[in-house]
Amino acid sequence: MEQDWIWGLIGGLLIGTGGAVYLLANGRIMGASGIIGGLVDGSGRHHWRERGAFLVGVLLLPILLYPLYGEVDTHITQNWGVLISAGILVGVGTRVANGCTSGHGVCGISRFSLRGIVSTVFYILAGGLTVAVFRHLMGWI
Amino acid sequence: MRVIYAFIAGGLFGAGLFVSGMTDTVKVQGWLDVFGDWDPTLAFVMGGAIIPMAIAWALVPRRKPLVGGAFPTPPDPQVGRELIIGSTLFGAGWGLAGLCPGPAIASLSYGGAGHWIFAAAMLVGMAITPGLRGELDRRLARG
């Protein structure tokens with residue numbers, strides 16, 4: 001457990017390097033919600049190959065790394081109501097805000113984007129409040 | 001080439017999410033859980049990701065993307081109502097399940113059924129957003 005922060009840092013550097021490649025090679029901002037959302041609502045149709053290739057990479061590397069780890073427990077809740085409400089909130093919220101942890105967080109903060117910083121403050125506050133209420137007050141999660 | 005670079009970027013992103021533990025919902029909720037057993041890992045992931053990204057942004061002004069075209073325009077300074085509303089809704093969902101869009105995709109192969117349910121709901125949310133936005137705009141316009 002005490003190595004968690006080291007793996008966090010290594011993983012973070014890989015994530016940031018992915019964002020750097022996407023920016024310097026393709027000239028685009030690596031935002032997961034924008035890449036997925038553009039395919040879902042059709043607004044990113046003209047870049048579908050690029051978006052699709054990105055998502056194949058996101059899916060494939062964990063498949064390749066998984067055997068090295070053996071067992072990975074994501075501790076996901078089995079409560080369908082929570083999963084469905086959370087999924088819809090994340091889907092709608094990231095599209096209305098036009099970004100998520102990768103786009104507003106990683107790519108926005110690193111260029112001192114006011115929108116990225118404000119968005120990050122609000123989703124962290126909302127996330128913290130949600131965990132406080134639903135875990136400690138209601139005991140649902 | 002655009003497709004190959006995108007695949008490499010996605011691969012790095014997916015590998016990073018996997019090794020950092022960001023597809024583990026306990027770690028993400030642990031970071032948000034300031035009143036419980038607080039887990040600082042996410043801050044290291046964010047910090048680690050911002051370093052290469054800041055270097056990339058510093059390189060942008062003097063060059064062009066490898067595949068040609070232009071870099072994104074400078075950040076929009078406009079913080080509107082949609083940014084606040086959207087980020088708040090997203091944060092609530094993020095806290096509830098401990099997943100955001102990147103890890104939602106990265107974890108599909110090994111996370112089990114719960115991840116597919118979350119991802120399906122997220123795609124539905126993304127699909128209905130243009131309609132919701134249109135409705136919201138009409139209501140706001142009417143006052």
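Lettering of chains follows the sequences in order, A, B, ..., and the numbering in each one begins at 1.
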Closest contact, heavy atoms only, Cys107(A) versus Trp57(B): O-NE1, 3.0 Å
Phe54(A) reachable from Met1(B) in the ILVMFWY side-chain graph, under 4.5 Å edges: no
Nearest-0.5 Å distance, OH of residue Tyr69(A) to OH of residue Tyr110(B): 9.5 Å
Residue, of Pro103(B), Gly102(B), Cys100(B), Pro72(B), that accumulates the most heavy atom pairs under 4.5 Å with chain A: Pro72(B)
Point-to-point distance, once rounded to the nearest 0.5 Å, from CG of Asp33(B) to OG1 of Thr130(A): 11.5 Å
Side-chain touch Ile124(A)/Trp94(B), heavy atoms, less than 4.5 angstrom: yes
Shared-cluster residues of Ile63(A), by chain and number - hydrophobic side chains joined below 4.5 Å: none
Cluster check Leu66(B), Ile4(B): I/L/V/M/F/W/Y, side chain < 4.5 angstrom: yes
Heavy-atom pair with the smallest gap, counting every atom of Leu12(B) and Leu14(A): CB-O, 3.6 Å
Shortest non-hydrogen separation from Arg133(B) to Arg95(A) and the atoms involved: NH1-O, 3.0 Å
Chain B contacts, top residue of Gly42(A), Cys100(A), Ser102(A) (heavy-atom pairs, under 4.5 Å): Cys100(A)
Contact winner vs chain B - Phe112(A), Trp140(A), Tyr66(A), heavy-atom pairs under 4.5 Å: Tyr66(A)
Check: Ser110(A) and Ile50(B) side chains under 4.5 Å, non-hydrogen atoms: yes
Residue, of Ala58(B), Ala49(B), Pro65(B), Gly93(B), that accumulates the most heavy atom pairs under 4.5 Å with chain A: Ala49(B)
Counterpart residues, side-chain contact (heavy atoms from CB on, under 4.5 Å), relative to Val34(B) (two or more places apart): Trp38(B)
Stepwise side-chain contact (heavy atoms from CB on, under 4.5 Å) check, Val60(B) with Leu24(A): CA-CA 7 Å; Val60(B) 157; Leu24(A) 296 175; 4.3 Å; yes
Interatomic spacing from CG in Asp41(A) to CG in Leu123(B) - rounded to 0.5 Å: 11.0 Å
Contact leader toward chain A among Gly48(B), Gly95(B), Gly14(B), Gly112(B), where contacts are heavy-atom pairs under 4.5 Å: Gly48(B)
Most contacts with chain B, counted as non-hydrogen pairs under 4.5 angstrom, among Val118(A), Thr77(A), Val133(A): Val118(A)
Phe44(B) and Trp5(A) aromatic ring geometry - parallel, tilted or perpendicular at 30°/60° bounds: tilted
Side-chain heavy-atom pair Thr94(A), Thr129(B) within 4.5 angstrom cut-off: no
Residue pair Leu60(A) / Phe7(B): nearest heavy atoms and the distance that separates them: CD2-CZ, 3.8 Å
Same apolar cluster: Met122(B) and Leu89(B), side chain cutoff 4.5 Å: yes
Between Val56(A), Leu65(A), Val40(A), the one whose heavy-atom pairs under 4.5 Å with chain B are most numerous: Leu65(A)
Contact winner vs chain B - Leu23(A), Val131(A), Leu61(A), heavy-atom pairs under 4.5 Å: Leu23(A)
Audit row: Met30(A), Met53(B), side-chain contact (heavy atoms from CB on, under 4.5 Å) steps and yes/no: CA-CA 10 Å; Met30(A) 188 189 76; Met53(B) 207 52 223; over 6 Å; no
Flag side-chain contact, heavy atom, 4.5 Å: Leu59(A) against Ile105(B): yes
From Ile117(B) atom CD1 to Trp80(A) atom CH2, the distance as rounded to the nearest 0.5 Å: 4.0 Å
Region of Asn79(A) in contact with chain B, defined by heavy-atom distances below 4.5 Å: neither
Side-chain heavy atoms of Phe90(B) within contact of Thr101(A), under 4.5 Å: yes
Engaged part of Leu42(B) at the chain A interface, taking heavy atoms whose separation is under 4.5 Å: neither
Residue pair Met126(B) / Gly91(A): nearest heavy atoms and the distance that separates them: CG-O, 3.6 Å
Leading residue by heavy atom contact count with chain B [cutoff under 4.5 Å; candidates Arg111(A), His75(A), Glu50(A), Arg115(A)]: Arg111(A)
Met46(B) side chain reached by Val106(A) side chain, heavy atoms, under 4.5 Å: yes
Cluster link Val3(B) to Leu55(A), ILVMFWY, side chain under 4.5 Å: no
Single-linkage hydrophobic cluster, 4.5 Å side-chain cutoff, Phe18(B) and Phe118(B) together: no
Max heavy-atom pair count under 4.5 Å with chain A, selected residue of Ser109(B), Ser87(B), Gly114(B), Gly80(B): Ser87(B)
Heavy-atom closest contact (Ser113(A) atom, Pro75(B) atom, distance): CB-CB, 3.6 Å
Contact class of Tyr22(A) relative to chain B, heavy atoms under 4.5 angstrom: both
Minimum side-chain heavy-atom gap Val45(B)-Ile15(A) below 4.5 Å: yes
Top contributor to chain A interface from Ala56(B), Gly10(B), Gly86(B), Gly36(B) [non-hydrogen pairs under 4.5 Å]: Gly10(B)
Thr74(A) (side chain) donor-acceptor with Thr25(B) (main chain) under 3.5 angstrom: no
Option that, when pairs with chain A are counted at under 4.5 Å, heavy atom only, ranks first among Arg63(B), Met22(B), Gln78(B): Gln78(B)
4.5 Å side-chain heavy-atom contact, Asn98(A) and Leu83(B): no
Interchain contact, Ala70(B) with chain A, by part (heavy-atom threshold 4.5 Å): backbone
Part of Ile76(A) within contact of chain B (heavy atom distance under 4.5 Å): both
